[in-house]
Every structure is written in C-alpha cells, then in structure tokens.
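Heads up: the structure comes next, in structure tokens.
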Protein chains: 2
Amino acid sequence: MADYTENPIVAPTKHSDWYARASSALADAGYRRGSVRLAVLELLDNQPCALSAVEIEEALRHRAPAPKAASRASIYRILDELEALGLLARLEVGQGIVRFEAARESGHHHHLICDHCGTLIPFRDEELERTIHQVSQRVALNVSEHEVVLHGACSDCTS
Amino acid sequence: MADYTENPIVAPTKHSDWYARASSALADAGYRRGSVRLAVLELLDNQPCALSAVEIEEALRHRAPAPKAASRASIYRILDELEALGLLARLEVGQGIVRFEAARESGHHHHLICDHCGTLIPFRDEELERTIHQVSQRVALNVSEHEVVLHGACSDCTS
DNA sequence: GTACCTGCAAATCGTTTGCAGGAAA
DNA sequence: TTTCCTGCAAACGATTTGCAGGTAC
C-alpha cells in the first residue's frame, strides 16, 4: 500500500516538456519554487486553451486534492514573469480580458471565439501557418509572434 | 468671396462610402444626429488605423477648426452603438486597451504591432485572406469575422 | 413639447503596487 | 539568516452607469 503521508498535497502528475522547460527557465532566472508559482505552472501545463487570471484563481481554489487558494496579485505577478520569459502566449479577445496559455513549439494553435457565449476553442491549420510565415517576411516589422482569431457563433449559439 | 458665417464650425469635408452607410444605418436605427456622434463618425472616417476611446477624445479636443471637446462617456456609448450595428471593427492588442476602426468592405486589413513602442500598422495580403477564408469553412464555428495580428519590433525599435 | 443626447460624477472591474509577515535556500 | 514569495489592501486606469440639463426633431 502506497504511503502518501510524506507529501499529502501534491498528486502524482505527469508533466510535459513545457513544464520542464518552464521550471528550468525559472530556476535559471533565479526564481524560487514558491507554492503559487508551482501551482500556476502545474495548472497551465494541463490546459487545452488560454485562461484569464480570474479563471486561474478559481481553478486553483477548487483544485483537487487540496483547495489551495492563491491571491490574485500573486497570480498576476507570476503570469508577468512567465510571459517575460517567453513561456506564455498572451491572448486578448473579449471585453478587455487578457488570457494566457503555455507557449509550446509543438502545440502552436489559433483561436475560435464565440461572440455570443465567449467560448474559446483552439484550432490549428498548417496551410495557415505557412501563409502567415510568408507574409511575415514581407511586412515592415521584425515579426516574432502572430495571432489569428476567428469570430463567430458556436454550435450551441447557432441552434 | 465665400461666406462661411452660416456654418463656421464644420469644414467642407469629403466623406467616404462608409460614412454614408454609417449615417443611414444610424438613422434607420432611430438615432439622432447629435454633435458627438457626428464628430466620431467624421473622425473615424478619416483614420488609417484603429483608435482607442482615449485617442478619439484627444483627437476631438485638438481638432481643427474648432476644438470641440466630447466627454469620454459619450464616446464609449457611441462606439458601442456603432459596433452593435456592425459599422466598426474592434481590435484588442496591448495592455487591455480596445481600439476601433471603420469596418469597410473595401478596406479590410490586418495589423502589425510593435511590442516595444505600441505602434500599430495596417497591412493587407490577398493570399492570407484566401487562406483564412478556406480555413473558416472547416472549423467548428460559424465564422463571421477574423483578425490577424503580427507582433514584433518596428524599424524604429530594431535599430 | 417630447424623447433622445450629452456631460458630469460616481461606480465597476481588471490589473498593479506598497508593505509586512512567512517561506525557500 | 538573507532574500525572495505571498497576501492584503489601497491605488490605478479603462470602461460603464445614473442622473439632470440641453438639443434634435
């Protein structure tokens, strides 16, 4: 029978390449392994799409196995750090709400947003990437990132 | 010698199709020709790219020939109306600032944003439009609008 | 004259910051 | 022990809203 008493809080979780990369980038930058920082990393590592600071706060509050609350101020600070290190992609869509998601090389995608209910859906398309890459080379900007958002009505809101 | 005394405020200005379309759409919706509404219409009709509410307020304050100030509250209300009528395209990029620009069929474009100085530059590309149109037909959303933003460093900030 | 339009000021809401105690190294 | 991390509360800035007087029609 397994003995969980040594670390009753942290469930055995599988981490991705992104989590590993983020951890070492944070360590290299001199950051410590604080509780909120680890929780945010863990959470973002397991999301299919972008979350706002408020959504992250709520997710952490209701998280199993132990409800670990984190102050919103800490969450904002940590999101800023992660973005500055290039570990997060920022997404602004909707009413001035900023959302973040893990920036993965192998998980690059864009977004569909339902203008009625606000649902955010990720999608990817190779041809779109190729086209954007070509376009990026002939514009008056040294392009480092790009972002595509398709607005419309999702299936729930269409019916 | 021309007599300007009858209407000393309004300079003789050339209006676009968009202005005409917006005017009649507003009239059809039952809106009156209030001073701020007309000023915002006039201003947006002559912009190369998107403006925020604050930028609009300042532009109206410093506008020739007569400095006509408009309260920010009115500007926000009017921008909401125009957006609801589909006359404006909304653009969110940067620190939670929302910008608007006239939605013209024949002036559809996307944006380059310098992440250092915040400069916004419009661009257009036919192949990109074709690709997005194709992609729009195979995603799980009834797509009505789309938006592409390329992030990077402009020539001023690169040097 | 009526109903809409506008400006003002207060209220909201997302986000940022200052500060003091608690935790990682 | 030293320095960073966190929570709390106040500060901030963009946007929204309630209300009273002014204006289009």
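Order of the sequence lines fixes the chain letters, A, B, ..., with proteins taken first and strands second; residue numbering starts at 1 for each chain. Computed from a predicted structure; not experimentally measured.
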Calculate the interatomic distance between [X] atom [atom1] and [N] atom [atom2]; express it in whole Å.
X: A:Glu57; N: C:dT16; atom1: CD; atom2: C1'; value: 15 Å
X: A:Leu51; N: C:dT15; atom1: CG; atom2: P; value: 13 Å
X: A:Ile75; N: C:dT15; atom1: CD1; atom2: P; value: 11 Å
X: B:Glu81; N: C:dC4; atom1: CD; atom2: C1'; value: 10 Å
X: B:Arg37; N: D:dC25; atom1: CZ; atom2: C1'; value: 14 Å
X: B:Leu41; N: C:dT6; atom1: CG; atom2: C1'; value: 17 Å
X: A:Leu79; N: D:dC5; atom1: CG; atom2: C1'; value: 15 Å
X: A:Arg99; N: C:dT15; atom1: CZ; atom2: C1'; value: 16 Å

5'-most contact on DNA chain D: A:Val36 or B:Val54, nearest heavy atom basis? A:Val36
Before accepting this row, confirm whether a basic side-chain N of the pair [X]/[Y] lies closer than 4.0 Å to the acidic partner's carboxylate O.
X: B:Asp125; Y: B:Arg130; answer: no
X: B:Arg21; Y: B:Asp28; answer: no
X: A:Glu129; Y: A:Arg124; answer: no
X: B:Glu92; Y: B:Arg99; answer: no

Nearest of [options] to any side-chain atom of [X]?
X: B:Arg72; options: D:dT15, D:dT6, C:dT15; answer: D:dT15
X: A:Arg77; options: D:dT23, D:dC8, D:dC5; answer: D:dC8
X: A:Arg32; options: D:dT3, C:dG7, D:dG7; answer: D:dT3
X: A:Asp80; options: C:dT16, C:dA25, D:dG7; answer: C:dT16
X: A:Ser74; options: D:dT6, C:dT6, D:dT23; answer: D:dT6
X: B:Val98; options: D:dT6, C:dT15, D:dT15; answer: D:dT15

NE2 of A:His133: more than 12 outside heavy atoms within 6.0 angstrom? no
So, is A:Tyr76 near the phosphate of C:dT15, with a side-chain N or O under 4.0 Å from OP1 or OP2? yes
For B:Ser35, report the nucleic acid contact type (base, sugar-phosphate, nothing); a contact means any heavy atom under 4.0 Å. sugar-phosphate
Go nucleotide by nucleotide along DNA chain C from the 5' end; which of A:Ile97 and B:Gly34 gets its closest nucleotide reached first? B:Gly34
